[in-house]
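Structure record follows, encoded as structure tokens.
Below, read A as the first sequence line, B as the second, and so on, with proteins coming before strands; counting in each chain starts at 1. Values in this document were obtained by computation on a predicted structure and should not be read as measured data.
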Amino acid sequence: MNVLVNRRRMLGGLLSLIALGVAPLKVLARVTKAFQATELDGVYAELFADMEIIESADIKMRIPDIAENGAVVPVSISTSLENVQSIHVIIDQNPNPLSASFELTDSSPADISTRVKMGKSSVVRAMVKTVDKVYMTQQQVKVTIGGCGG
Amino acid sequence: MAVKPVKIRGKIKQGVAQIKALMPHPMETGTRRAADGSIIPAHYIEEVVCKHNGKVTMKALWGASVSKNPYFAFKVKGAVSGDTITITWADNLGESASGELTLK
């Protein structure tokens, strides 16, 4: 009897462990898919499902108009919008348009900087996801030397 | 290639810490070819977790199109002198590295 109960307990424990492991995996898989998408529509679908995307002047993106070296293009994004959940950098003409996502918390102001690679001249989009809406600003960046491929 | 730690610099301005980090990493896209024509396999940082006194404050998810030796700057609210900032990355080949900074 005792053995049986123990076995049941262990099985239950194992099952809950598996359940715990699966939840974060699903989220990760969704994000990975967004990074693998080769078209803008695919990225939008994975990241925002069918949320409305609104152009907004409240997002400030600092990126050069002309990037001499596509391998290193500095980009800074900040916004005065509230309840920001995440910030995304999308480069339309790259093989995989989604370049980077930043997930914010209450203790992180929406103000980030990084450097990205651009294969060729492209529109670069800064997307800001809030609780219920997605805001976007875009800028054309001319690349004189590509950063992807040989 | 040996994994190098994350380099972090930061200062506090009116209660907000401005953090700058450099992560030595090749960030290979998987589309580049070596001199002999073979494709160099993709090798890039997928996730960067930033913690303030052990609590996650910012998470970055990256694709292969973030530049080599990534630079990442962000801010942390409510930071005071003596607080620690920890940054850990994990790449697509299962490697990881981290760095820690005690704010002045």
Side-chain angles (χ1 to χ4, degrees), chain A residues 24 27-28 30-38 43 46-47 62 67 69-78 84-119 122 124 146-150, chain B residues 13-23 25-40 42 44-80 83 85 89-90 92:
Chain A
V27 175
L28 203 66
R30 186 160 183 86
V31 170
T32 308
K33 264 193 183 169
F35 278 104
Q36 285 165 348
T38 52
V43 176
E46 291 299 335
L47 286 181
R62 289 191 302 280
N69 181 359
V72 185
V73 184
V75 53
S76 298
I77 299 167
S78 64
V84 175
Q85 287 183 332
S86 57
I87 299 176
H88 306 269
V89 183
I90 296 175
I91 302 159
D92 287 17
Q93 298 297 324
N94 270 6
N96 303 109
L98 180 58
S99 184
S101 292
F102 302 90
E103 290 177 1
L104 310 185
T105 62
D106 293 342
S107 63
S108 44
D111 188 347
I112 57 98
S113 304
T114 188
R115 294 171 187 155
V116 294
K117 286 181 264 197
M118 293 181 64
S122 168
V124 177
C148 298
Chain B
K13 229 176 188 178
Q14 291 160 348
V16 177
Q18 303 178 343
I19 311 294
K20 293 175 182 174
L22 273 176
M23 302 161 225
H25 197 281
M27 296 301 283
E28 282 295 345
T29 56
T31 57
R32 246 158 45 92
R33 283 175 190 277
D36 63 1
S38 63
I39 289 176
I40 304 171
Y44 58 93
I45 295 175
E46 286 185 317
E47 189 184 61
V48 184
V49 178
C50 311
K51 289 181 180 172
H52 173 215
N53 290 340
K55 190 173 160 250
V56 175
T57 177
M58 159 84 75
K59 216 163 97 179
L61 302 164
W62 289 348
S65 63
V66 170
S67 299
K68 184 176 170 180
N69 299 330
Y71 164 80
F72 178 30
F74 60 99
K75 292 177 179 175
V76 181
K77 276 185 224 167
V80 293
D83 285 2
I85 299 288
W89 59 254
N92 65 325

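In this structure, chain B has a heavy atom under 4.5 Å from the backbone of Leu98(A), while its side chain stays farther away. Using a 4.5 Å cut-off between heavy atoms, Leu22(B) contacts chain A through its side chain alone, with no backbone atom that close. With a threshold of 4.5 angstrom between heavy atoms, Val73(A) approaches chain B through N, CA, C or O but not through any side-chain atom. Of the atoms belonging to Ala64(B), it is backbone heavy atoms, and not side-chain ones, that fall under 4.5 Å from chain A.
Side chain of Lys59(B) to backbone of Thr105(A): no donor-acceptor contact under 3.5 angstrom is found. Not one N or O on the side chain of Ser108(A) forms a donor-acceptor pair closer than 3.5 Å with the backbone of Val76(B). Side-chain N or O atoms of Asn94(A) include none that pairs as donor or acceptor with a backbone N or O of Ser99(A) at under 3.5 Å. When atom types are taken as modelled, the side chain of Asn96(A) and the backbone of Thr38(A) share no donor-acceptor pair closer than 3.5 angstrom.
Counting only N and O atoms by type, the side chains of Ser107(A) and Thr57(B) include a donor and acceptor under 3.5 Å apart.
The candidate with the highest count of non-hydrogen atom pairs below 4.5 Å against chain A, out of Gly63(B), Ser67(B), Ala73(B), is Ser67(B). Chain B forms the most heavy-atom pairs under 4.5 Å with one residue out of Pro109(A), Ser78(A), Ala100(A), and that residue is Pro109(A).
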